[in-house]
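A note on names: the letters A, B, ... follow the listed sequences, proteins ahead of strands, and every chain is numbered from 1.
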2 protein chains.
Amino acid sequence: MPKLSAAAIQGRKDIIEDAARELFIKQGFHATSMRDICKRAEVSLGNLYNYYETKDSIFESIIDKYQTVIDEDLRSIFAEIDEPMEPANLRKLGESVGRLVNEHSDFWLLMYIDVLEFQNRHFRKMFDGITDRFRKVFGEKFKEAEKRGDLRMGVDAAPVFTAVYMQFFNYFLVEKLFGGNQHLGLTDDQALNCLTKVFAYGTLSEDGLARFKKTANKSLSG
Amino acid sequence: MPKLSAAAIQGRKDIIEDAARELFIKQGFHATSMRDICKRAEVSLGNLYNYYETKDSIFESIIDKYQTVIDEDLRSIFAEIDEPMEPANLRKLGESVGRLVNEHSDFWLLMYIDVLEFQNRHFRKMFDGITDRFRKVFGEKFKEAEKRGDLRMGVDAAPVFTAVYMQFFNYFLVEKLFGGNQHLGLTDDQALNCLTKVFAYGTLSEDGLARFKKTANKSLSG
DNA sequence: TTAATAAAAATGAACGTCCGTTTTTTATTC
DNA sequence: GAATAAAAAACGGACGTTCATTTTTATTAA
């Protein structure tokens with residue numbers, strides 16, 4: 001048998017990792033055996049070790065691959081936000097986060113696995129210095145908004161924006177993974193409106209609210 | 001040997017559950033063996049089965065016991081809040097939640113174990129209908145605040161209060177378990193101030209802000 | 001007060017199964 | 001037949017649980 005092409009090898013790994021991911025998510029890392037994985041991937045047990053040194057390394061490979069997908073998603077979410085403190089954009093952020101959580105809930109379960117079974121070794125960087133990162137992306141916009149007087153006195157936009165982002169994330173994670181069915185007593189749409197409104201009124205000055213009035217009227221009704 | 005007193009039996013179970021809890025939290029449920037537990041509890045392997053039918057039931061017993069502790073803590077946290085929408089009280093809520101998370105971070109790890117390894121079977125009720133529960137506790141106060149005109153027009157206090165509560169929780173959980181060291185770029189104190197301020201300004205009307213001004217000045221500075 | 005008793009508690013070896021991994025064997029392609 | 005992939009078999013060890021046995025001790029009888 002000649003050596004498989006790199007693409008072919010990656011294809012085999014994809015199949016294995018898809019199977020493993022589904023199992024890890026359904027029943028956890030330690031509750032999933034190599035035999036479970038090989039059965040679902042329709043590969044022999046021994047053959048798994050032609051592609052991975054250990055069971056741990058399958059896990060690591062999965063989250064490495066997933067991380068790049070999530071990073072790219074987040075990048076494009078932030079890329080389409082031109083004015084970060086505008087209520088309409090905050091709401092759009094919320095919608096995007098909701099989509100991200102729902103489409104990739106697997107990923108966040110893997111994060112919990114990592115917290116529990118690997119002392120959060122692989123996800124450490126997820127939240128560390130997140131506000132600084134937002135400051136890097138939107139710092140100029142934050143400064144402009146402050147200079148224009150859009151922000152209430154004493155408000156630093158960066159931590160507030162981070163808080164909004166975290167709140168959206170937490171909202172959808174609780175909905176998706178923790179069994180809180182409409183835990184705010186609202187539909188997702190209404191919850192997004194409610195949260196956006198609170199953060200907008202909590203952050204923006206009279207001037208800021210007026211400036212964004214047109215879009216605000218659209219996005220904050222309800 | 002005549003039957004041990006109920007207290008004596010509970011004492012033995014406490015020892016076993018303490019050992020099991022520490023291990024579950026450190027390495028997860030499936031990664032912890034009955035032998036690990038019996039060793040740490042200094043009890044023989046077989047004897048575990050005089051107190052628990054299965055390994056699963058040890059887990060269940062632990063979270064049942066813990067749940068009552070947490071419930072009591074939460075009850076007393078809410079009991080000392082007389083005016084839920086007052087900024088000073090929101091901040092106090094935040095401090096209390098911070099204490100709860102830090103003192104009982106074990107409990108929240110058990111929740112993640114439950115999400116991963118038991119499909120959240122035991123913690124389902126944690127967030128389900130939480131807003132309604134707050135409405136039961138503070139409903140009268142919410143109505144009064146609305147009647148007084150303390151709330152911005154169209155603001156329903158219950159979901160906002162829930163959102164504040166969730167945000168505080170999430171903030172401290174990220175800090176404690178997910179390696180976000182000062183992820184808002186602020187100290188805990190500053191973060192509490194920032195979040196409280198945003199939610200206060202985001203929710204209260206001019207009248208409401210004025211009414212709470214005295215306390216607000218104290219709690220919202222910084 | 002003490003010794004005998006009986007029931008409960010504690011023990012640890014053993015069971016069958018499954019674990020992650022390694023080694024060996026077989027199949028496939030050039 | 002050399003090289004590579006895939007499959008199968010085998011390995012030692014650990015798993016949750018069971019169970020025959022031993023140890024413990026509150027009660028009872030002396």
List every contact pair, protein side and nucleotides 10-15 of chain D side both N or O, where the distance is under 3.5 Å.
unit_1: dC15(D); atom_1: OP1; unit_2: Ser33(B); atom_2: OG; d: 3.4

| request: Would you indicate what Tyr51(A) reaches in the nucleic acid, counting non-hydrogen atoms under 4.0 angstrom: base, sugar-phosphate, or nothing? | output: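 Sugar-phosphate only.
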I need the [atom1]-[atom2] distance between [X] and [N], as an integer number of Å.
X        : N       : atom1 : atom2 : result
Tyr49(B) : dG12(C) : OH    : C1'   : 14 Å
Leu48(A) : dA9(D)  : CG    : C1'   : 15 Å
Ile16(A) : dA7(D)  : CD1   : P     : 10 Å
Glu53(A) : dT23(C) : CD    : P     : 14 Å
Asn50(A) : dT21(C) : CG    : C1'   : 12 Å
Tyr52(A) : dA6(D)  : OH    : P     : 12 Å

| field | Side-chain donor/acceptor contact of Asn47(A) with base of dA7(D) under 3.5 Å | value |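 When only heavy-atom distances are counted, Asn47(A) does not reach the base of dA7(D) through any donor-acceptor pair under 3.5 Å.
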Kindly list each side-chain donor-acceptor pair under 3.5 angstrom involving residues 92-103 of chain A, sequence neighbours excluded, with atom names and distances?
unit_1: Glu95(A); atom_1: OE2; unit_2: Arg91(A); atom_2: NH1; d: 2.3
unit_1: Ser96(A); atom_1: OG; unit_2: Lys92(A); atom_2: O; d: 3.0
unit_1: Asn102(A); atom_1: ND2; unit_2: Gly98(A); atom_2: O; d: 2.9

| said: The criterion is ring pair (Phe, Tyr, Trp, His ring centres under 6.0 Å); which residues satisfy it with Tyr49(B), sequence neighbours excluded? | reply: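 Testing Tyr49(B) for ring pair (Phe, Tyr, Trp, His ring centres under 6.0 Å), a comparison that skips the adjacent residues, returns none.
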| task | Go through the structure and list residues passing side-chain hydrogen bond (donor to acceptor under 3.5 Å, both in side chains) with Arg40(A), not counting sequence neighbours. | result |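 Glu22(A).
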| task | Look at the side-chain N and O atoms of Ser44(B) and state whether any lies under 4.0 Å from the OP1 or OP2 oxygen of dA10(C). | result |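 For Ser44(B), the contact criterion (side-chain N or O under 4.0 Å from OP1 or OP2 of dA10(C)) is not met.
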| said: OP1 or OP2 of dA5(D) versus the side-chain N and O atoms of Arg12(A): is any pair under 4.0 Å? | reply: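 False: Arg12(A) side-chain N/O out of range (4.0 Å or more) of dA5(D) OP1/OP2.
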| message | Once salt bridge (Lys or Arg N to Asp or Glu O under 4.0 Å) is applied, do any residues pair with Asp56(A), and if so which ones, sequence neighbours excluded? | response |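 By the salt bridge (Lys or Arg N to Asp or Glu O under 4.0 Å) rule, Asp56(A) matches no residue at all.
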| query | Can you list every pair that meets side chain to side chain donor-acceptor pair (under 3.5 Å) and has a residue in residues 133-142 of chain B, with sequence neighbours left out? | reply |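 For residues 133-142 of chain B, and leaving out neighbouring residues, the side chain to side chain donor-acceptor pair (under 3.5 Å) pairs sorted by first residue read Arg135(B)-Asp156(B).
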| message | Are His183(A) and Tyr171(A), when compared by the centres of their aromatic rings, separated by less than 6.0 Å? | response |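 Yes, the ring centres sit under 6.0 Å apart.
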